[in-house]
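The structure appears right after this line, and notes come after that.
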Amino acid sequence: MEQTYKYFAFISYNSKDTEWGKKVQKKLEGYKMPATLCSEHGWERKPIKPVFFAPTDIQPGGLSEELQERLRASRNLIVICSPNSAQSEWVGKEIEYFHQLGRTKQIHFFIVEGTPHSGNPDTECFNPVVDKLGLPEILGANIHEKIYRWPWMNKERAYVQLVSKLLGVEFDTIWQRHKRQLIKKAIAWVVGILIVLAALFYVWHINQPVDVEIRLNEASVHNEQLPPLKDAIVTMTLENETKTDTIPSLDEAGLFTNIPHRFMNKEVRIQVVCQDFLPLDTTIQLSTAVTLNLYRDVKIYGDIHFILFDESRDNEPCPNTEVIVDGHRVLSDAEGIVSISIPLAEQKVFYPISSSSVIIIDKEIKTPHTSSYGIACRR
């Protein structure tokens, strides 16, 4: 009947190699075997557990009864090999005791530093008791064996070598699968890093301030006889903050600097006030280059309104009198008031005035003007 053991393995190490001992314990206890092999051998998916790892190496006085009991209760002995353990009397005692139990074939070596059989005490990784006991020629799983260009792959290969020896299976049976999984994990890791970097770049990017250029376009019928746009005041509202700039002319742009990137492609309120043009109050989707259409106020230069009076008759109003305003004929009303609207394309700052029935003294009228503007004439 096959003997049962409390521990799958006992890790022997020098206190200077404690971290390596912990890593090996974690790797072995967490290693998942292929489902097919587990089914074939009746193993659990994680067959290498528990692994005994003492909190420190043994102290002077030889192996304690407790450690001897742990060694007897362990199926395998794993020796963390390095120049530290090679010079450790207590690692040698653990190897020797396990050998005395008749389990020489269950002694496994995991090389983390140094060179096997170097003959130099400063670099030798095998404890002298190996030669003393005449143990079979061994190389052990070596994390520094240069099979692959990447050191992490060589470490993983050494772990799998140790696993295959502990379980008595062909190394290649599990290494090829493990290698594929490592490659997948590496790819996933790289993709994950790229995603994180992309996310960080996106966060950085959306928090970078941008400059927004705003230009104005005269969308109404262009009329060169009217004064051009001048000193338009543009106001941008961003949540509870407003920014203002003045655009001198249609040929120049307004520049709003240090706009938080989070407002890009979001709706913001824009207001424009400019002499001779209708005010603009609109909501736009913000971008780095914005063009806004403005329309002239046709009333400024197009609404002609004056009183026709006869200066030869004490400035009495001239009712029902025909007046020609820049070719447009119109009659004054009963109170001598002349009103006419000129189309935008024909508007001017100064309009010539004439009449076929009276003598016009003021030959032109200037716009814009007030409703009390008067034009003198004589009958």
Side-chain angles (χ1 to χ4, degrees), residues 187-305 328 339-351 366-371 373:
I187 293 172
W189 183 83
V190 171
V191 171
I193 291 295
L194 291 176
I195 290 173
V196 170
L197 291 175
L200 290 175
F201 175 78
Y202 175 74
V203 171
W204 172 83
H205 180 64
I206 64 175
N207 284 285
Q208 291 301 300
V210 297
D211 295 341
V212 173
E213 182 183 86
I214 293 185
R215 290 186 173 274
L216 300 176
N217 173 59
E218 184 178 350
S220 50
V221 176
H222 184 64
N223 186 338
E224 293 185 356
Q225 298 183 88
L226 298 179
L229 178 143
K230 182 179 180 182
D231 296 335
I233 299 173
V234 182
T235 302
M236 180 187 297
T237 302
L238 304 172
E239 292 178 348
N240 297 322
E241 180 186 6
T242 60
K243 293 178 175 287
T244 302
D245 194 16
T246 300
I247 300 179
S249 69
L250 291 174
D251 295 328
E252 300 179 64
L255 187 64
F256 291 81
T257 60
N258 295 320
I259 303 297
H261 198 283
R262 68 178 184 275
F263 288 107
M264 289 297 100
N265 300 315
K266 299 292 180 62
E267 290 189 345
V268 298
R269 184 183 181 189
I270 301 287
Q271 295 168 287
V272 183
V273 177
C274 181
Q275 182 179 341
D276 300 344
F277 287 78
L278 294 171
L280 177 67
D281 189 341
T282 186
T283 299
I284 65 165
Q285 194 172 46
L286 194 61
S287 63
T288 55
V290 176
T291 299
L292 301 173
N293 288 328
L294 290 185
Y295 294 85
R296 281 190 179 270
D297 187 344
V298 295
K299 296 180 180 179
I300 302 296
Y301 297 100
D303 280 7
I304 310 299
H305 190 91
H328 297 272
S339 295
I340 184 174
S341 293
I342 305 297
L344 179 58
E346 301 176 25
Q347 290 180 11
K348 301 175 182 178
V349 175
F350 294 94
Y351 291 94
K366 182 179 182 300
T367 56
H369 54 256
T370 64
S371 59
Y373 196 88

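Using a distance-only test at 3.5 Å, with no hydrogens or angles considered, no donor-acceptor pair links the side chain of Asp245 to the main chain of Gly254. Counting only distance, with no hydrogens or angles, the side chain of Thr367 and the backbone of Lys348 share a donor-acceptor pair below 3.5 Å. Between the side chain of Asp303 and the main chain of Ile340, no donor-acceptor pair closer than 3.5 Å is present. Between the side chain of Gln347 and the main chain of Val298, a donor-acceptor pair closer than 3.5 Å is present.
Within the model, atoms OG1 of Thr291 and CG of Asn217 stand 7.0 Å from one another, a figure rounded to the nearest 0.5 Å. Here the NZ-CZ distance, from Lys230 to Phe277, works out to 13.0 Å after rounding to the nearest 0.5 Å. Rounding to the nearest 0.5 Å places CD of Gln275 at 10.5 Å from CD1 of Ile233. Of the inter-residue distances, the one linking Glu346 atom CD with Ser341 atom OG reads 12.0 Å to the nearest 0.5 angstrom. One finds the CG atom of Asn258 at 10.5 Å from the CD atom of Gln208 (value rounded to the nearest 0.5 Å). Leu238 CG to Lys266 NZ: the interatomic distance, rounded to the nearest 0.5 Å, is 11.5 Å.
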>> Between Tyr301 and Asp276, is the side-chain hydrogen bond (donor to acceptor under 3.5 Å, both in side chains) condition met? List the steps.
In response: CA-CA 8 Å; Tyr301 297 100; Asp276 300 344; 3.0 Å; yes
> After noting the C-alpha distance and the side-chain angles of Lys243 and Glu241, does the key distance pass the salt bridge (Lys or Arg N to Asp or Glu O under 4.0 Å) rule?
Replying inline: CA-CA 7 Å; Lys243 293 178 175 287; Glu241 180 186 6; 3.5 Å; yes
> When you look at Leu344 and Ser220, which way does the side-chain contact (heavy atoms from CB on, under 4.5 Å) test go after all the steps?
Replying inline: CA-CA 9 Å; Leu344 179 58; Ser220 50; 3.8 Å; yes
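The one candidate from Val210, Asn265, Val212 that meets the side-chain contact (heavy atoms from CB on, under 4.5 Å) condition with Leu286 is Val212. When each of Leu255, Leu292, Val234 is checked for a side-chain contact (heavy atoms from CB on, under 4.5 Å) with Ile247, only Val234 meets the rule. Screening Thr242, Thr244, Ile214, Val290 for a side-chain contact (heavy atoms from CB on, under 4.5 Å) with Met236, the sole residue that qualifies is Ile214.
For the pair Asp231 and Pro248, the minimum side-chain heavy-atom distance is below 4.5 Å. The closest side-chain heavy-atom distance from Pro228 to Leu250 is not below 4.5 Å. Looking at His328 and Ile342, their side chains come closer than 4.5 Å, going by heavy atoms from C-beta outward.
Here the closest non-hydrogen pair linking Ser339 and His305 is OG-ND1, 2.8 Å. Closest heavy-atom contact between His369 and Tyr373: CB-CD1, 3.7 Å. Residues Thr237 and Gln271 share a closest heavy-atom pair of OG1-OE1, 4.3 Å. The two residues Asn223 and Ala345 have their closest heavy-atom pair at ND2-O, 3.3 Å. Residues Leu294 and Leu278 come closest through the heavy atom pair CD2-O, 4.4 Å. The two residues Tyr351 and Gly302 come nearest to each other via the heavy atoms OH-CA, 4.4 Å.
A salt bridge is defined here as a Lys NZ or Arg NE, NH1 or NH2 lying under 4.0 Å from an Asp or Glu carboxylate O, and Glu239 with Arg269 fails to meet this definition.
Counting non-hydrogen atoms of other residues, nucleotides and ligands closer than 6.0 Å to CD of Glu252 gives a total above 12.
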